[in-house]
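Here the structure comes first, spelled out in structure tokens, and everything after it is commentary.
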Amino acid sequence: VGPVTRWFRTNTFYRKPLVGGKIDCDGSELSQYLPAVENGVVFFLGPYSFARLVENSFYSSECDLAVDYCKALAKNMPALKQKGYCCVLLLEPAVGFDLSKNSFQKPAWYSQAVDAFAGVTYGVHFPLADAGKVLDCVEDSRANFVGIDCIYTPRPKEVKTKKSILLGLVDGARASVEDAGLLQKHAAFFLENAEFSGEYYIGPNNRLYDVPFQTALAKINLLSAFSPL
């Protein structure tokens with residue numbers, strides 16, 4: 001790993017991974033670190049964000065970097081399935097960040113990379129991004145669902161996808177718990193105006209790491225008790 005680097009515009013820091021050789025694995029690396037669960041979801045950093053957040057001195061093509069990264073992660077899925085993980089969620093925080101700088105361009109290789117997970121249920125989530133501007137990244141992929149940040153997507157009518165959707169309803173950056181009634185109304189408005197498969201899930205718009213622990217639990221409890229109007 002490389003030097004300590006700021007995580008986007010936040011006060012969180014990470015050590016930048018240095019890619020100096022081909023990314024590969026034998027498929028047993030991740031299962032030893034994760035507990036056994038029932039119907040679990042495993043979260044991975046998406047390939048676009050991975051390519052933006054590492055320092056690469058090996059790959060001459062961003063496509064090859066992203067594809068090898070996803071293939072290596074996908075090799076771990078048989079072992080993770082045995083431990084109860086049945087779904088993959090790829091998180092793409094760099095998409096929202098680049099979109100805020102007007103520097104985001106859809107990578108031509110995106111579907112090729114994420115389809116390394118075809119064969120398991122998987123989705124791609126775009127926190128802090130206007131979903132109407134980025135969903136075409138995965139529309140031609142085999143992703144089962146796409147994640148929508150409802151707080152950063154002001155025009156639900158611009159959300160058009162044939163896939164199922166994950167509604168990011170509660171705010172992972174807000175240190176207070178949302179009102180259940182307003183949350184229901186917001187979800188109903190979104191579901192009435194967005195164009196999608198008709199199947200949806202609910203969750204936070206971003207990680208809950210940045211809010212106090214008790215607040216995060218309260219937000220999770222709110223989601224678990226959620227029912228549409």
Side-chain angles (χ1 to χ4, degrees), residues 5-14 16 41-54 66 69-70 73 87-107 110-111 113-114 117 121-139 141 143-156 158-161 163-178 183 186-187 190-191 194 196 200-213 215-220 222-224 226:
T5 307
R6 184 181 295 275
W7 179 259
F8 304 109
R9 298 190 183 102
T10 70
N11 286 326
T12 300
F13 296 83
Y14 74 104
K16 180 177 288 190
V41 179
V42 59
F43 293 75
F44 293 134
L45 189 65
Y48 179 88
S49 297
F50 178 80
R52 290 291 185 272
L53 296 172
V54 302
Y69 166 70
C70 286
L73 292 177
C87 179
V88 171
L89 182 61
L90 300 172
L91 299 175
E92 290 288 14
V95 170
F97 182 68
D98 286 354
L99 202 63
S100 72
K101 301 186 299 178
N102 295 317
S103 61
F104 174 71
Q105 291 185 340
K106 174 186 174 181
Y110 198 81
S111 290
V114 298
F117 294 97
T121 300
Y122 86 91
V124 184
H125 181 45
F126 300 97
L128 310 184
D130 184 342
K133 298 179 180 179
V134 298
L135 290 190
D136 62 335
C137 286
V138 292
E139 195 60 23
S141 74
N144 302 91
F145 62 95
V146 292
I148 294 169
D149 188 329
C150 295
I151 295 153
Y152 278 77
T153 303
R155 295 170 293 278
E158 294 182 4
V159 174
K160 301 181 186 299
T161 178
K163 301 184 184 299
S164 301
I165 57 177
L166 166 65
L167 289 177
L169 287 175
V170 302
D171 193 348
R174 182 181 177 189
S176 60
V177 181
E178 289 80 358
L183 204 65
H186 184 54
F190 203 101
L191 294 171
F196 63 106
Y200 70 94
Y201 315 92
I202 57 172
N205 73 321
N206 200 358
R207 62 181 189 167
L208 294 174
Y209 178 84
D210 297 316
V211 299
F213 182 71
T215 299
L217 286 180
K219 288 174 180 283
I220 292 170
L222 179 64
L223 289 169
S224 68
F226 176 86

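Being a predicted model, the structure only gives us computed values, none of them experimental. Sequence positions, counted from 1, serve as the residue numbers for this chain.
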Residues which pass ring pair (Phe, Tyr, Trp, His ring centres under 6.0 Å) with Tyr14, listed by chain and number, not counting sequence neighbours: Trp7
side-chain hydrogen bond (donor to acceptor under 3.5 Å, both in side chains) partners of Tyr48, counting only residues at least two apart: Arg52, Asp98
Sub-4.5 Å side-chain heavy-atom contact between Leu135 and Ile148: yes
With Arg155 via side chain to side chain contact (heavy atoms under 4.5 Å, CB included) - residues at least two apart: Asp130, Lys133, Glu158
Heavy-atom donor-acceptor pair, Ser49 side chain to Ala94 backbone, under 3.5 Å: yes
Donor-acceptor under 3.5 Å (Lys219 side chain, Pro204 main chain): no
Any side-chain heavy-atom pair of Thr5 and Leu53 under 4.5 Å: no
Verdict with supporting geometry, Phe145 and Cys87, side-chain contact (heavy atoms from CB on, under 4.5 Å): CA-CA 11 Å; Phe145 62 95; Cys87 179; 3.9 Å; yes
His125 side-chain N/O to Asn205 backbone N/O, donor-acceptor pair under 3.5 Å: yes
Asn144 and Tyr122: CA distance, side-chain angles, deciding distance, side-chain contact (heavy atoms from CB on, under 4.5 Å) verdict: CA-CA 6 Å; Asn144 302 91; Tyr122 86 91; 4.2 Å; yes
Worked verdict on Val88 versus Phe44 for side-chain contact (heavy atoms from CB on, under 4.5 Å): CA-CA 7 Å; Val88 171; Phe44 293 134; 3.7 Å; yes
For the student: nearest non-hydrogen atoms of Pro47 and Ala66, plus distance: CB-CB, 3.9 Å
Distance in Å, Cys150 SG paired with Ile165 CD1, rounded so as to fall on 0.5 Å steps: 7.0 Å
Salt bridge (Lys or Arg N to Asp or Glu O under 4.0 Å) involving Asp136 - partner list, sequence neighbours excluded: none
pair Val159-Phe196: side-chain heavy atoms closer than 4.5 Å: no
Pair Thr161-Val138, side-chain contact (heavy atoms from CB on, under 4.5 Å): steps then yes or no: CA-CA 9 Å; Thr161 178; Val138 292; over 6 Å; no
Gap between atom CG of Leu166 and atom CG of Asp149 - 0.5 Å precision: 10.0 Å
Exercise: identify the closest heavy-atom pair between Phe126 and Val124: CZ-CG1, 3.7 Å
With Ser100 via side-chain hydrogen bond (donor to acceptor under 3.5 Å, both in side chains) - residues at least two apart: Arg9
Asp171 CG to Thr215 OG1 distance, which is reported to the nearest 0.5 Å: 12.0 Å
Polar side-chain atom of Lys163 near backbone of Gly123 as donor-acceptor pair, under 3.5 Å: no
Residue pair Tyr69 / Val54, side-chain heavy-atom distance below 4.5 Å: no
Set of ring pair (Phe, Tyr, Trp, His ring centres under 6.0 Å) partners for Phe97, sequence neighbours left out: Phe8
Atom pair CG (Leu73) and CZ (Phe117), whose distance is rounded to the nearest 0.5 Å: 4.5 Å
